[in-house]
Each structure stands twice: as structure tokens, then as C-alpha cells.
Amino acid sequence: MEVENKLNRMTAAGLLIAIGIVYGDIGTSPLYVMKSVIAGNGGLNTVSRDLIIGTISSILWTVTLLTTVQNVIIALKATNHGEGGIFALYTLIRHKAAWLVWPALIGGAAILADGTLTPAVTVTSAIEGLKGLEFGKGNVPVSNQTTVLVITIIILLVLFSIQRMGTRIIGKAFGPVMLVWFAFLGVMGLINIGGNWWILQALNPYYAIKLLFSPYNKAGLAILGSIFLATTGAEALYADVGHVGKGNILGSWPFVFVCLSLNYLGQGVWILNNTNLHSATEINPFYAMIPENIRLASIVLATLAAIIASQALISGSFTLVAESINLKFLPRMNILYPSYERGQIYIPAVNKMLGITAIALVLYFRTSDHMEAAYGLSITITMLMTTILRYEWMLLKQGHNPANLLFMIFFSTINILFMGSSLSKFTHGGYVSLLITLLIVSVMVVWYFGNKVRDQNEAGNVYVRLDEYTDMLTDLSHDDNYPTYADNLVYMANVKYNKFVKREILYSILDKRPKRARAYWFVTVNVTNEPFTAEYAVNTFGTKNMINIQLYLGFKKQTSVNVYLRQIVHDLIKDNTIEAQPQKYTTTPGRDVGDFKFVIVNDVISPSTTLSSYKKWLVKARVQLQNLSPNPAQWFGLEFADTVIERVPLILGKQEPERIKRIAPVDYSKTLPNKKQKDKKK
């Protein structure tokens with residue numbers, strides 16, 4: 001409760017960090033939204049006053065409804081101990097119904113797909129402002145798209161390289177830049193509005209609705225695909241609440257919203273004042289409305305803002321992946337903690353995949369116009385899935401009432417409209433976004449349901465009681481006929497109900513080769529909903545050499561089992577729960593703890609498995625993913641410890657006993673040639 005209250009507070013430093021981390025994606029939308037709308041309607045020469053007013057009205061009300069109402073006012077109430085995002089929301093309601101896993105999987109995969117698209121489209125859009133810009137007399141350093149691509153790729157390489165520094169360091173550096181950026185957006189908007197206050201008609205939602213059904217809108221409902229780009233980043237805002245706190249988002253959003261609104265209004269005025277320009281289809285209204293003497297500075301500032309937009313999605317992706325691992329949606333990955341601050345995580349594997357994919361998209365699409373066709377579709381999917389989960393959360397908290405039903409119908413309709421308009425760009429690049437989403441969904445489905453099939457179909461008496469083996473393990477511990485395998489033999493095992501463990505664990509100790517040790521440890525890591533829990537419970541079953549340790553670690557705590565266990569051993573020796581282990585040969589005088597050997601048991605599919613072809617394929621695919629994932633020793637923090645990974649056959653399905661029939665030995669004497677026959681042949 002104390003941690004959550006702290007997250008609800010609003011501070012000047014927190015507001016600056018929030019602006020630096022959270023709003024990069026939505027803050028760069030003015031770079032390409034109006035350009036996309038104009039291109040979809042035939043160019044600057046063909047637009048009308050009604051089209052521009054209707055478009056800006058649609059943008060402002062889209063941001064109001066989908067960002068302000070749905071993600072700031074409503075969504076921030078549904079946090080899991082201060083953490084946001086679709087997986088945090090699912091965690092709150094997952095016990096309500098089994099089918100809720102599907103919107104969580106689909107929505108989570110879609111927002112992770114968006115994490116690859118955002119860096120590509122925003123940075124490219126910013127750098128394209130340099131193309132054709134003269135420095136001095138006739139000097140044009142960026143004269144073609146190839147140069148734009150080279151600069152974009154260099155920036156992306158640097159961006160993904162600095163992720164290991166942590167988002168707090170980045171947030172402190174980016175906060176002042178984004179503050180200047182939003183102020184710049186607002187000022188440029190006001191300058192272009194000037195005395196043309198008629199543009200404020202766009203605040204009336206009537207013009208937004210009229211736009212969709214009017215002949216001056218040549219794109220029809222497909223225009224919503226471009227308008228939706230104004231609210232990309234809303235889901236990242238919800239996902240990043242754990243990084244910056246709810247209070248700081250609530251306090252900083254009004255400033256951001258006003259600056260964005262002023263800029264869109266200013267672009268609208270500029271467009272209507274310049275419809276007679278030639279080469280109109282290539283003009284970006286955002287850059288064109290900026291005075292030439294500061295245009296270069298604006299491009300530099302826009303590039304920095306685009307980098308920050310990418311950062312918002314990258315840091316949000318780290319959070320989502322970490323939560324999906326805890327929910328068993330994805331295999332374990334190596335998670336690093338760059339600082340001691342709340343929510344600061346870094347996942348090298350995810351960072352590498354996002355970086356490679358983003359650069360590949362830049363090379364594939366080449367221009368921001370082509371990228372915009374793919375951009376947005378995945379986020380419409382995420383928003384629809386989040387709306388479904390949020391409705392279930394509201395039912396759980398408030399029960400069935402008309403307001404909740406109205407919320408579901410209203411926002412689902414809006415999200416479906418935007419999804420339909422985004423699908424209209426499927427063949428122009430939207431298929432790439434969908435393919436990335438489907439790939440991530442496939443991995444999640446295989447891992448999650450593969451685990452389900454395995455757990456439901458394990459054959460035989462899988463679990464045994466530890467307390468039934470206390471005498472046997474005590475005798476083995478003192479049996480001089482066997483050499484000492486280790487002073488402390490530690491099994492990373494999921495001990496259920498404080499006493500039940502998989503038979504394969506004891507099979508490893510007793511049957512494969514009796515492993516003699518002074519103490520046998522069975523350690524279970526329980527990830528709690530609280531972010532920074534660090535507790536443990538002990539059960540010795542009335543012995544001094546057989547210990548069950550239940551570690552309770554928050555989902556933001558580093559899983560350093562080796563470090564925690566050494567502290568626990570000292571605690572138990574100190575209170576005489578276990579015997580001391582004095583070492584005769586040591587570099588540390590007075591050392592009372594012996595050596596440790598950690599054992600991790602992995603499953604291998606047995607040929608004896610009798611599942612249907614589909615289920616068998618699912619489990620095999622899950623095992624393949626397990627083999628591709630990082631070494632489990634890394635996840636447990638045992639990469640520098642003495643660790644052994646044992647493989648045991650996994651037998652699934654109902655096993656029918658097979659017997660082999662005994663027969664008499666075959667008498668080959670009658671078929672072999674005798675001595676007389678051999679002599680005759682000679």
C-alpha cells in the first residue's frame with residue numbers, strides 16, 4: 001500500500017521524467033498524421049475547408065476519447081500494485097474466466113509488434129525533414145532517400161545500444177528535451193493560428209461525424225486509419241505507469257494534450273492558407289508551417305522526440321515481456337536491473353529482437369509513407385482486446401450496471417471502426433504488422449498451452465511427499481559407503497503445498513546415482529504480485545539435513561537464488577535449525593558453510609508419449625522453445641555457481657503396460673554344418 005501511495009504522488013521531478021518516458025510516441029504524431037490525411041485525399045491542392053476542420057475535429061476527439069478518457073481516466077484505475085499494461089490488467093481478472101487468456105495473448109502480442117514499428121516510422125519521419133534542405137548556397141547534404149535511411153539506421157543502432165543504461169537515466173536526459181518539444185509544438189500552433197480563430201470550430205464533434213459521410217472526404221471511412229495515428233502511444237502510456245507513477249501521468253497529460261491540440265489546429269490553418277502550392281503531395285504540413293530560419297533546429301528537435309517515442313515503446317515492451325514470463329506466456333529470459341529504482345528492467349534478448357526488426361522494417365519500407373500503412377493496425381487490435389479485459393475488470397469491481405455496458409458498446413464500436421479502416425491498408429503494408437503480431441501470438445500460444453497440456457497429461461504418480469523420504473535421505477547423508485557429492489545439494493523444484501515434489505527430483509537423488517550430501521535443499525521461487533517482496537519460509541520436516549525453502553520474490557526483484565540461499569543458510573545455522581558445516585580447507589577463517597551444487601531438471605519428450613498428434617506437436621514445440629530460451633541457470637541467478645542440468649524423459653498420456661513373451665533359446669546346432677561335412681568339403 002505504501003508503494004502504491006508513493007506512485008500516486010505528483011512531484012516536479014516525476015512530472016519531468018513522465019514527459020520524458022511516456023509521451024514520446026503520441027508526441028511525435030503531428031509529424032505524419034496530417035501528411036497522411038492529405039495524401040489519402042489527393043494532395044494539398046484538392047483539400048477543402050470542411051475536410052480540414054472535420055479531420056482536426058476527428059483527431060482531437062479521438063485523442064480525447066481513446067487517450068484521455070479510456071487510458072488516462074479509466075485505465076489508470078486498473079493497475080496491479082501500480083503496474084499497468086494489458087498483462088497487468090489480465091492478472092487482476094484471470095481467475096474470472098479461462099477464455100480471458102485469448103484477448104490478453106492477442107493484445108499483448110499486438111503491442112509488442114508495435115514496439116518494432118514505432119522506432120522505424122517515427123525516426124524515419126523526422127529525418128525525412130532534412131531531405132532537400134539547403135545549407136548555405138546550394139549545399140544539400142541529404143538529397144535522397146538512401147541518405148535518410150543511413151542516418152535513420154545509425155540513430156536506431158545508438159538507441160538500442162543505450163537501453164542497458166536503464167530508463168531512469170534516459171528519462172532524466174529526455175525529460176527536458178520533451179518539455180521543450182511540447183512547448184515548441186504549442187507555440188508553432190499558436191503562431192499559425194494567429195487571428196484565424198474560426199479553426200476552433202473543430203472542437204465541435206459534429207464536424208468529426210460529418211467528415212465520415214461527406215463527399216469532400218475522398219477516402220471515406222478509410223480516413224480513420226490516418227486519424228488513428230494521432231493516438232498511437234496511448235497503450236504505452238498505460239503500460240509505462242509503473243515506471244513513472246499514476247500521479248505524474250495525471251498531472252502531465254493536460255499540458256501534453258493542449259500542446260498537441262494547438263499544433264494540429266495550427267497545421268489546419270496553414271494547410272488552408274497554402275492550398276495553391278505546387279508539388280503539394282510531397283509537402284509535410286508540420287515542417288512547412290515552421291519558419292525557414294528555425295527549420296533545421298526543428299528537425300533536430302523532432303529527431304530527438306522521435307528517439308524518445310521509440311524509447312516509450314521499448315521500455316514498455318520490457319515491462320510487458322517480464323509480466324508475460326511471470327504469467328507463463330513466454331519462456332524465461334535473462335532480465336537485468338540497471339538501477340535500484342522501481343520498474344527499471346532491461347531484457348537483452350528483447351532489445352536485440354526489437355532492434356533487428358526495426359532496422360529490417362526501415363530497409364523494407366524505405367519511406368515513412370509506406371511505413372504508415374503498416375503502422376496503427378496492431379494498436380487497434382490491442383485497444384479492442386484491452387477494452388474487453390477492462391470491461392471484465394469493471395464487472396468484477398462494480399458488477400453489472402448500465403454504465404459498464406455502455407462503456408463496452410461505445411468503446412468497442414470506436415475500436416472496431418478504427419480497426420476496419422486500418423485493415424483497408426492491409427495490402428499496402430498492414431500485412432507486415434499483422435504477420436509480426438501473429439508470430440508473437442504463435443510463440444505465446446505454444447508456450448502457454450504447451451505447459452497446460454504437459455501438466456494435464458503427465459502419466460503415473462508424478463508427485464510424491466517429501467516427508468515420506470526423510471529417513472532415507474538422512475541415512476544417505478550419513479552413509480560412508482558413498483562419497484560426498486556436495487555439502488549442500490540444491491534442487492530448483494516446484495514444491496507444492498510445502499510437501500509435494502515431482503518424483504523425478506527424488507529419482508535424481510536416490511536412483512540415478514545416490515548423491516550423498518550434508519544437506520538437501522528443495523528451493524521454490526514464487527513470484528508475487530507485489531513488486532519488491534523479498535521473503536522466505538522454511539520447512540525442515542523435523543530434520544536437520546532436509547530443507548524446503550519457499551522464496552517469495554516480487555516481480556521486480558532479481559532472482560539471485562545463490563545470494564539469497566547463502567544468507568538463509570547462515571540464518572538457519574545461527575538459530576540451530578541446521579548443523580554448521582565447518583571447513584577445514586578454506587581461505588576464509590571461521591567459515592561454517594560448505595560448498596553448494598545446484599541441480600536443475602529439464603524435461604525431454606519420451607517416445608512413450610501417447611497424445612493426439614496436435615497435443616504432441618504442441619508439447620514438442622514448447623520443448624523446442626525451452627531449448628532456445630536462455631539457460632535456466634541464468635534466470636535463477638546461478639550462472640557463476642556450480643550448476644548441473646539433468647534431463648529426464650517426460651511421459652505424457654495414458655500408458656498401457658506392454659509385456660514381452662519369453663521363449664526357449666533357439667537351437668542352432670541342427671543348422672550348422674558338422675565336422676564330417678566340413679572334412680568332405682575340404
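Below, all heavy atoms of this structure are taken into account, side chains as well, without hydrogens, waters or symmetry copies. Note that this is a predicted model, so its numbers are computed, not measured.
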Inset, instruction - Using side chain to side chain contact (heavy atoms under 4.5 Å, CB included) as the criterion, point out the one residue from Thr380, Ile414, Leu417, Thr62 that pairs with Leu224. - result: Leu417
Inset, instruction - Give a yes or no answer on whether the side chain of Ser36 reaches the backbone of Tyr32 with a donor-acceptor pair at less than 3.5 Å. - result: no
Inset, instruction - Please confirm whether the backbone N or O of Trp270 pairs with a side-chain atom of Asn273, one donor and one acceptor, at under 3.5 Å? - result: no
Legend entry - Any side-chain heavy-atom pair of Tyr216 and Lys210 under 4.5 Å: yes
Inset, instruction - Evaluate side-chain contact (heavy atoms from CB on, under 4.5 Å) for Ile56 paired with Ile199, printing each intermediate quantity in order. - result: CA-CA 9 Å; Ile56 295 175; Ile199 194 67; 4.0 Å; yes
Inset, instruction - Please determine, by modelled atom types, if Thr28 and Thr122 share a side-chain donor-acceptor pair under 3.5 angstrom. - result: no
Inset, instruction - Using the test side-chain hydrogen bond (donor to acceptor under 3.5 Å, both in side chains), find all partners of Glu128 that sit at least two apart in sequence or belong to another chain. - result: Gln145, Ser368
Can you list, pair by pair, the side-chain donor-acceptor contacts under 3.5 Å of residues 150-160, counting residues two or more places apart and other chains?
{"unit_1": "Thr152", "atom_1": "OG1", "unit_2": "Val148", "atom_2": "O", "d": "2.8"}

Legend entry - Side chain to side chain, Val33 and Phe286, heavy atoms closer than 4.5 Å: no
Inset, instruction - Step by step, work out the side-chain contact (heavy atoms from CB on, under 4.5 Å) result for Ile249 and Tyr23. - result: CA-CA 9 Å; Ile249 290 179; Tyr23 302 114; 3.6 Å; yes
Mind listing the side-chain donor-acceptor pairs of residues 292-299 below 3.5 Å, one per line with the distance, residues two or more places apart or on another chain?
{"unit_1": "Arg295", "atom_1": "NE", "unit_2": "Tyr287", "atom_2": "O", "d": "3.2"}
{"unit_1": "Arg295", "atom_1": "NE", "unit_2": "Ile290", "atom_2": "O", "d": "3.4"}
{"unit_1": "Arg295", "atom_1": "NH2", "unit_2": "Ile290", "atom_2": "O", "d": "2.9"}
{"unit_1": "Ser298", "atom_1": "OG", "unit_2": "Arg295", "atom_2": "O", "d": "2.5"}

Inset, instruction - Please test Tyr264 against Thr55 for side chain to side chain donor-acceptor pair (under 3.5 Å), starting from the C-alpha separation and ending with a verdict. - result: CA-CA 10 Å; Tyr264 284 119; Thr55 296; over 6 Å; no
Legend entry - Residue pair Asn248 / Leu16, side-chain heavy-atom distance below 4.5 Å: no
Legend entry - Trp102: ring-ring contact (aromatic ring centres under 6.0 Å, His included) partners, not counting sequence neighbours: Phe449
Inset, instruction - Could you list the residues that satisfy ring-ring contact (aromatic ring centres under 6.0 Å, His included) with Trp61, not counting sequence neighbours? - result: none
Inset, instruction - Over all heavy atoms of both residues, which pair between Pro119 and Ala358 is shortest? Give the atoms and the distance, please. - result: CB-CB, 4.2 Å
Inset, instruction - Look only at the side chain of Thr67 and the backbone of Thr64, and say whether a donor-acceptor pair between them is shorter than 3.5 Å. - result: no
Inset, instruction - Might you work through the side-chain contact (heavy atoms from CB on, under 4.5 Å) test for Ile86 and Met385, ending with a clear yes or no? - result: CA-CA 8 Å; Ile86 192 169; Met385 297 301 107; 4.2 Å; yes
Inset, instruction - Please round to the nearest 0.5 Å and tell me the distance separating atom CD1 of Ile227 and atom CD1 of Ile59. - result: 6.0 Å
Legend entry - Under 3.5 Å donor-acceptor, Asn263 side chain and Met188 backbone: no
Inset, instruction - Starting at OG of Ser317, measure out to CE of Met353 and round the result to the nearest 0.5 Å. - result: 10.0 Å
Legend entry - Asn415-Ser412 side chain donor-acceptor pair, cut-off 3.5 Å: no
Legend entry - Pairwise side-chain contact, Gln267 with Ile193, heavy-atom cut-off 4.5 Å (strictly under): no
Inset, instruction - Would you confirm whether Ser57, through its side chain, and Asn204, through its main-chain N or O, come within 3.5 Å as a donor-acceptor pair? - result: yes
Legend entry - Reported CZ-to-CD1 distance for the pair Arg49 and Ile52, which is rounded to 0.5 angstrom: 11.0 Å
Legend entry - Validation row: Leu260, Leu185 side chains within 4.5 angstrom (heavy atoms): yes
Inset, instruction - Without swapping roles, check the side chain of Thr357 against the backbone of Leu354 for a donor-acceptor pair under 3.5 Å. - result: no
Legend entry - Shortest non-hydrogen contact from Ser421 toward Leu221: CB-O, 3.3 Å
Inset, instruction - Report the C-alpha distance between Ile379 and Phe228 in whole Å, list the side-chain angles of each, state the deciding distance to 0.1 Å, and finish with yes or no for side-chain contact (heavy atoms from CB on, under 4.5 Å). - result: CA-CA 9 Å; Ile379 288 300; Phe228 182 78; 3.5 Å; yes
Legend entry - Atom of Val121, atom of Ser125 and distance for their closest heavy-atom approach: O-OG, 2.7 Å
Inset, instruction - Check Ile325 against Pro331 and note the closest heavy-atom contact, atom names and distance. - result: CG1-O, 3.4 Å
Legend entry - Close side-chain approach of Leu65 to Gln70, heavy-atom, < 4.5 Å: no
Side-chain polar contacts of residues 175-184 - donor-acceptor pairs under 3.5 angstrom, sequence neighbours left out - could you list them?
{"unit_1": "Trp181", "atom_1": "NE1", "unit_2": "Gly27", "atom_2": "O", "d": "2.9"}

Inset, instruction - Determine whether the side chains of Thr118 and Asp114 contain a donor N or O and an acceptor N or O closer than 3.5 Å. - result: yes
Inset, instruction - Please round to the nearest 0.5 Å and tell me the distance separating atom CG of Leu89 and atom CZ of Phe87. - result: 11.0 Å
Inset, instruction - Look only at the side chain of Asn144 and the backbone of Thr146, and say whether a donor-acceptor pair between them is shorter than 3.5 Å. - result: yes
Inset, instruction - Answer yes or no: is there a donor N or O on one side and an acceptor on the other, between the side chain of Ser214 and the main chain of Asn217, under 3.5 Å? - result: no
Legend entry - Heavy-atom closest contact (Ala306 atom, Ala126 atom, distance): CB-CB, 4.0 Å
Legend entry - Considering all heavy atoms, the nearest Ser58-Leu211 contact: OG-CD2, 3.4 Å
Legend entry - Beyond-backbone contact of Ser378 with Ile436, side-chain heavy atoms, under 4.5 angstrom: no
Legend entry - Met371 CE to Leu361 CG distance, which is reported to the nearest 0.5 Å: 7.5 Å
Legend entry - Minimum side-chain heavy-atom gap Trp198-Leu272 below 4.5 Å: yes
Legend entry - Pairwise distance CG(Leu439) to CG(Leu112) - rounded to 0.5 angstrom: 11.0 Å
Legend entry - Side chain Gln201, main chain Ile53, donor-acceptor under 3.5 Å: no
Legend entry - Polar side-chain atom of Thr116 near backbone of Ala113 as donor-acceptor pair, under 3.5 Å: yes
